[in-house]
Amino acid sequence: MLDLTLLRRDPERVRRSATRRGGDGAFVDRVLELDTRLRSALTESEQLKAAKNGLTAQISKAPDRAAKAQELRPQIQSIDNSIVEASAAIPALEREIEEILADVPNLLDDSVPDGTAETDNVLVRDSGPPPEPAFPQLQHWELGERLGILDFERAAKLSGSRFTVLRGKGARLSRAIVDFFLARAGERGYLEVVPPYLVTRSTMWATGQLSKFADAMFRDEDADLFMIPTAEVPLTALHRDEILDTTQLPLQYAAYSPCFRKEAGAAGKDTRGLIRQHQFEKVELVWLTEAARSFEALERLTGDAEALLRELQLPYRVMALCAADVGFNAAKTYDLEVWLPGQAAYREISSCSNCTDFQARRSQIRFRRDPKAKPELVHTLNGSGLAVGRTLIAVLENYQQADGSVRVPAALVPFAGFETIDVPEPRRRT
RNA sequence: GGAGAGAUGGCCGAGCGGCUGAAGGCGGCGGUUUGCUAAACCGUUAUACGCCCUAAAGCGUAUCGAGGGUUCGAAUCCCUCUCUCUCCGCCA
């Protein structure tokens, strides 16, 4: 949620950010108008309440309270009526301002490049040109099915489209990837957390998932619980309604979790393979920092995710998302894209964002610079480190051998306990 | 699922319906004392919003889990909800 005070003081800045995102800045004037009306109603109502409190205090102090109460009752009643009148519009004004503001995306950072589509994202750096393949490269689903480690048909039988069953070394490699990610996160100062995978409506609201993205989430109606679309939600909301001590910052959390998404807007996209699933796994990294350090933290966070790709020796590039592509919560985002030889394309494998104070304001996560200082909102950051399924894909495609087998990257061998995934015997004879 | 208990400031813990934003303690901060530390002593220590406004100070309103009610007046009385804890049952 945007800061209403900022909108009041610098409406042009807010409008500029909204239009850069490809949206409409008209809400700014509407909010300003509502806010003016709200504040005048508030002032009037509060002045009347002050007058009433004055009379009530007279009763308290009077020697004969009953008599004084009797005497002042008519006056108080008349003020009561005025209060009701003066306050009548307040709840509706507050609600409307809140409703408008709740759907306004975060203020873009000035460093975010202009652009109207994904194709305007800017290359920041890469790991060099991807190697020239020495033999025809298979897509991960071809490899996975041939190796007997990815089973899409049975997954469809169980759950419909966009699910996958991992088998044997596929399942074990997936688990090894998770272990590898968590081990590295721990080494880089992240505290590992196992959060709830179902959260309340208010938690979803606090991290900006609601109300805009309600359609994207699975939920249980009876309990009014939502299945997390990312561990960003519980990790970021962990310190909701808290005032942290400055010595606690920055906080760095890492969590492995399954993620659930309806992918309603992605009909027809990535229907094959496990690129886009209703259920996928991810190790998520979250930072809580003070405002002045958050962009420095974004570089660190991105670097942490990037280091995983380097250690896995997967070709990748870092993209700065353009204004149109930066998500609702974020002020700035880097995407990490991994090279997939089977598709001959770079695909997103991590998204690292600085959400500045946008989520912290909704979540009321604050800190005190020193014991006497006023509480300030923290900045929240999140990034995948990394998406597990897509890492599995990248390993399969980049480490495929001419005979259809797959080597396990050296970094993963200690976690996996094996060095190759071989094509099963019966098929090798054909 | 059944039965009971509870929810007060950073924490613990009081609180006959009337200057109670809230005793007391702990912790924190400032100070005195001290060779240093500790102890002791003194003082101080919530948040949001609005008004004023360069700012500070000041003033006002609201807040004792949430929402509603009774009353001139509610942390205190009534209702609803949420959450936590204990016991029983069931169970990965």
Side-chain angles (χ1 to χ4, degrees), chain A residues 1-10 31-98 100-102 194-206 210 220-227 234 237-249 251 258 288 357 360-378:
Chain A
M1 183 131 75
L2 291 188
D3 182 9
L4 184 55
T5 313
L6 172 77
L7 187 144
R8 226 182 256 156
R9 264 206 307 259
D10 197 352
V31 168
L32 286 176
E33 183 214 328
L34 292 167
D35 179 54
T36 306
R37 279 161 58 193
L38 172 64
R39 281 189 296 162
S40 93
L42 232 36
T43 303
E44 194 185 344
S45 160
E46 286 180 0
Q47 278 167 356
L48 288 165
K49 282 180 184 166
K52 174 182 173 168
N53 287 346
L55 295 181
T56 299
Q58 279 186 40
I59 297 175
S60 286
K61 280 182 269 187
D64 184 347
R65 284 174 177 159
K68 196 70 176 170
Q70 178 78 22
E71 176 197 332
L72 294 178
R73 192 167 294 140
Q75 272 189 65
I76 289 174
Q77 256 158 20
S78 126
I79 294 179
D80 274 339
N81 292 336
S82 307
I83 291 175
V84 169
E85 208 178 308
S87 313
I90 291 174
L93 287 167
E94 283 176 336
R95 203 176 327 115
E96 193 175 348
I97 291 172
E98 154 116 7
I100 295 172
L101 243 34
V194 179
Y197 305 143
L198 298 175
V199 302
T200 60
R201 173 177 296 277
S202 59
T203 299
M204 280 299 181
W205 196 90
L210 289 177
D220 177 82
E221 301 253 350
D222 293 333
D224 203 24
L225 289 173
F226 293 74
M227 297 169 85
L238 215 47
H239 293 284
R240 182 146 64 103
D241 296 321
E242 291 183 26
I243 299 175
L244 303 164
D245 194 278
T246 187
T247 58
Q248 292 176 265
L249 298 179
L251 286 166
L288 270 54
D357 61 8
R361 183 169 297 105
R362 287 175 162 239
S363 305
Q364 285 300 297
I365 308 169
R366 295 176 291 175
F367 78 102
R368 237 185 266 278
R369 198 166 286 283
D370 71 78
K372 295 218 164 153
K374 278 175 70 79
E376 303 169 47
L377 293 169
V378 302

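Order of the sequence lines sets the chain letters (A, B, ...), proteins ahead of strands, with each chain counted from 1. Fair warning: this is a prediction, and the values are worked out from it, not measured in the lab.
If you measure from atom CG of A/L225 to atom P of B/U82, you get 13 Å, rounded to the nearest angstrom. Whole-Å rounding puts the A/D224 CG to B/C83 P distance at 11 Å. Distance CG (A/L377) to P (B/U47): 14 Å, rounded to an integer number of Å. One atom, CG of A/L93, and another, P of B/G50, lie 14 Å apart when rounded to the nearest Å. Protein atom CD of A/E242 is 15 Å distant from nucleotide atom C1' of B/U47, rounded to whole Å.
Taking atom P on both nucleotides, B/G27 is separated from B/A22 by 23 Å, rounded to a whole Å. Using P as the reference atom, B/C12 and B/G2 are 30 Å apart when rounded to the nearest Å. B/G10 and B/G60 have their P atoms separated by 23 Å, given to the nearest Å. Taking atom P in both B/G1 and B/C72, one finds a spacing of 42 Å when rounded to whole Å. Annotation: B/C19 and B/A74 have their P atoms spaced 11 Å apart (nearest Å). Taking the C1' atom of each, B/C26 and B/G13 are spaced 10 Å apart, rounded to whole Å. B/A5 and B/U80: their P atoms are spaced 15 Å apart (whole Å). The P atoms of B/A62 and B/A75 are separated by 10 Å, rounded to the nearest whole Å.
A/R362 places a side-chain N or O within donor-acceptor distance of the main-chain N or O of A/A102, the cut-off being under 3.5 Å. Between the side chain of A/E96 and the main chain of A/L93, no donor-acceptor pair closer than 3.5 Å is present. A donor-acceptor pair is defined here as one N or O able to donate and one able to accept, closer than 3.5 Å; no such pair exists between the side chain of A/S45 and the backbone of A/A86.
Between A/L4 and A/A66, the one whose closest nucleotide on RNA chain B sits nearer the 5' end is A/A66.
In this structure A/R95 satisfies the salt bridge (charged side-chain N to carboxylate O under 4.0 Å, His left out) test with no other residue, sequence neighbours excluded. Under the salt bridge (charged side-chain N to carboxylate O under 4.0 Å, His left out) criterion, A/E94 pairs with no residue at all, not counting sequence neighbours.
Pairs of Watson-Crick or G-U wobble type, with distances under 3.5 Å, assemble into runs of 3 or more in RNA chain B at these ranges: B:1-7 with B:82-88, B:10-12 with B:24-26, B:27-32 with B:40-45, B:46-51 with B:58-63, B:65-69 with B:77-81.
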**Message:** Within the 4.0 Å limit for protein heavy atoms, which parts of nucleotides 51-75 of chain B are touched? Write it as a string from 5' to 3', B for base, S for sugar-phosphate only, - for none.
**Reply:** S--------BSS---------BS--

**Message:** Determine whether A/L251 and A/L238 satisfy the following criterion, side-chain contact (heavy atoms from CB on, under 4.5 Å), listing intermediate values before the conclusion.
**Reply:** CA-CA 11 Å; A/L251 286 166; A/L238 215 47; over 6 Å; no

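Closest non-hydrogen pair, A/R8 versus A/L32, comes out as CA-CD2, 3.8 Å. A/F226 and A/L210 make their closest contact through CZ-CD1, 4.0 Å (heavy atoms, listed as atom of the first residue, atom of the second, distance). Listed here is the closest heavy atom pair of A/L101 and A/L2: CD2-O, 4.1 Å.
RNA chain B lies under 4.0 Å from no heavy atom of any residue of residues 196-204 of chain A.
Look at A/R368 and you won't find any side-chain N or O under 4.0 angstrom from OP1 or OP2 of B/U45.
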Donor-acceptor contacts, no H, no angles, side chain residues 55-71 of chain A, under 3.5 Å, sequence neighbours left out:
from, atom 1, to, atom 2, distance (Å)
A/T56, OG1, A/K52, O, 3.2
A/D64, OD1, A/A66, N, 3.3
A/D64, OD1, A/A67, N, 3.2
A/R65, NE, A/S60, O, 3.1
A/R65, NH2, A/S60, O, 3.2

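For the 3.5 Å distance criterion, the side chains of A/T43 and A/S40 fail to qualify, holding no donor opposite an acceptor.
Residues A/L377 and A/I365 fail the side-chain proximity criterion, which asks for heavy atoms closer than 4.5 Å.
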